[in-house]
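Read through the structure below, which is laid out as structure tokens, and then see the notes.
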Amino acid sequence: MLNIVIGGSAGSFPIVTNILAKLDKSFSYPMFLCLHRLKSVRTGFVEALRLKSSVPVFEPHDREPVINGHVYLAPANYHMYLTKGNTISLSTEEVVNHSRPSIDITFGSAAKSFGSKCVGILLSGANKDGAIGLKAMKDSGATIIVQSPQEAQVKTMPMAALKITEPDFVFTSSQIISYLQKLKE
Amino acid sequence: MEDSLMISEEDFLKILSAVRTVGDIDFIDYEPYLLCHRFERFMQMQGYASVAVLIDKMMQDKNFIDFFLYKIQVGTTEMFRDPQMWLELQKNVFPKFSGESVLKIWLPDVCGDDELNTLLILLEKNNLLVKSMIYATSYSERVLDDVKMGTIEPKKMEVSLDNYKQFSSDTEFFTNCFFKSDRFQCLSPKLLDKVIYLKHNVIHEEPPDNGFNLIIFRNRALYYSMSSRKTAVEKLYRCLLPGGYFAIGIGETLRGLEQNTKFVPISKTENIFKKP
């Protein structure tokens, strides 16, 4: 079973909402979203993602069992780990790259837990969080995709990843959507 | 994070075995996934290239294990984390304590002073501190020594004040709870004097007292194994007074613990519960 893990920061929200809107209702893989967000704003984000999403979106609790076809958004002020036991663990560890949730943490845990059974996607953002985690995923055999810096609203994050690893694909947002749609086939 | 460093399952087990041998501590009580990440982070911070270097340090230097155990603990993040939870406590729980002559409160497995400081400030603000008896317990003497100091770094003070502003506009009250010492802010001894500090392992030992009115156990069980979490929460339930309150982190649940605990939710969003 494939696991889809997406990281993003500034400029990624419209892309993520577009992805969720265009997924088929029968999309059968679990998807994990680690998006930088204000720690003080706990409500509103997941609700905004749900508005146009064709698949269910949740903020998981600690040790939440993962269900195929569901989307899990890292909660505010917690790191989100993906585990081999098909559950989600949360942590209040130190901020990484000024972020909690940190994309490096989520991607790094995906590398360790899922190995090649994973697709990692890094979107627009204003810092380098996610680059090291994406490299770890690549080193573990996952397929990795970086949003085209030319298209990204803020290209720092995709550029940081491209500096240290060679992705399988550099895609525009519409190519990312098309790739995910084809996965179900 | 300088670069990805991943400890293999085999190396992870080697570290556990070394800690058991040298420190007489069995990490079976802890969530292996997060524990492994703590080991990785420690090695990165210390610049160790391999697990062999770490194990060698443990075996060669008898003081090293204390340092290691101290460093891998996950501290708390800031004061007044989740201001809504503290508001809820003030609004819906504290008024229930008005008739009590003594308030017994326990913070098990403290791992930093943020939750304790927040509680002390809140009790003082609500004129409840004077009749409070607060237990702060940890299995680590070093952590307790840190907590007793009550010193706050400038950066953390800034973040905490921001949180407090969401809680109350009376920032003068907050700042008056501290005095300046060198570059740190320190919590007033008047507040800290109400705390009883004890070395205590919440998983393996019996509670330090009984009849608690309130137990705050937020984000500590995230790092426990499922069975240790069950053991700890059931113990905490038993030592609460009927009608006593229990708070866990907003990212946590009591799912799977319903058989031996009958907590009733007081606030579902802020994860505050009551023992019937």
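Under a 4.0 Å N-O distance rule, the pair B:Arg38/A:Glu94 qualifies as a salt bridge. Using a 4.0 Å cut-off between a side-chain N of Lys or Arg and a carboxylate O of Asp or Glu, B:Arg229 and B:Glu252 do not qualify as a salt bridge. A salt bridge links A:Lys84 to B:Glu9: one of the charged nitrogens lies within less than 4.0 Å of a carboxylate oxygen. A salt bridge does not link A:Lys138 with A:Glu166: none of the charged nitrogens is closer than 4.0 Å to a carboxylate oxygen. The pair A:Lys135-A:Asp139 meets the salt-bridge criterion, with a side-chain N (NZ, NE, NH1 or NH2) lying under 4.0 Å from an Asp/Glu carboxylate O.
Each of B:Asn219, B:Thr269, B:Thr253 has some count of heavy-atom pairs under 4.5 Å with chain A, and the biggest count is that of B:Asn219. Of the listed residues (A:Asp62, A:Ile164, A:Thr92, A:Asp129), the greatest number of heavy-atom pairs within a distance under 4.5 Å of chain B belongs to A:Thr92. Here B:Arg81 is the residue among B:Arg255, B:Arg81, B:Gln166 with the most heavy-atom pairs under 4.5 Å with chain A. Considering only heavy-atom pairs separated by less than 4.5 Å from chain B, the leading option among A:Ala111, A:Gly85, A:Ser109, A:Gly108 is A:Ser109.
Both tests do not hold together for A:Arg37 against A:Phe45: distance to the six-membered ring centre under 6.0 Å, angle to the ring axis within 45°.
Aromatic ring pairs are classed by plane angle as parallel below 30°, tilted from 30° to 60° and perpendicular above 60°; the pair B:Tyr139 and B:Tyr30 is tilted.
In this structure, chain A has a heavy atom under 4.5 Å from the side chain of B:Asn163, while its backbone stays farther away. Looking at A:Glu64, both its backbone and its side chain come within 4.5 Å of chain B, counting heavy atoms on both sides. Heavy-atom distances place both the backbone and the side chain of A:Asn77 under 4.5 Å from chain B. At a 4.5 Å heavy-atom cutoff, A:Ile88 makes no contact with chain B through either its backbone or its side chain. Only the side chain of A:Ser89 comes within less than 4.5 Å of a heavy atom of chain B; its backbone N, CA, C and O stay farther away.
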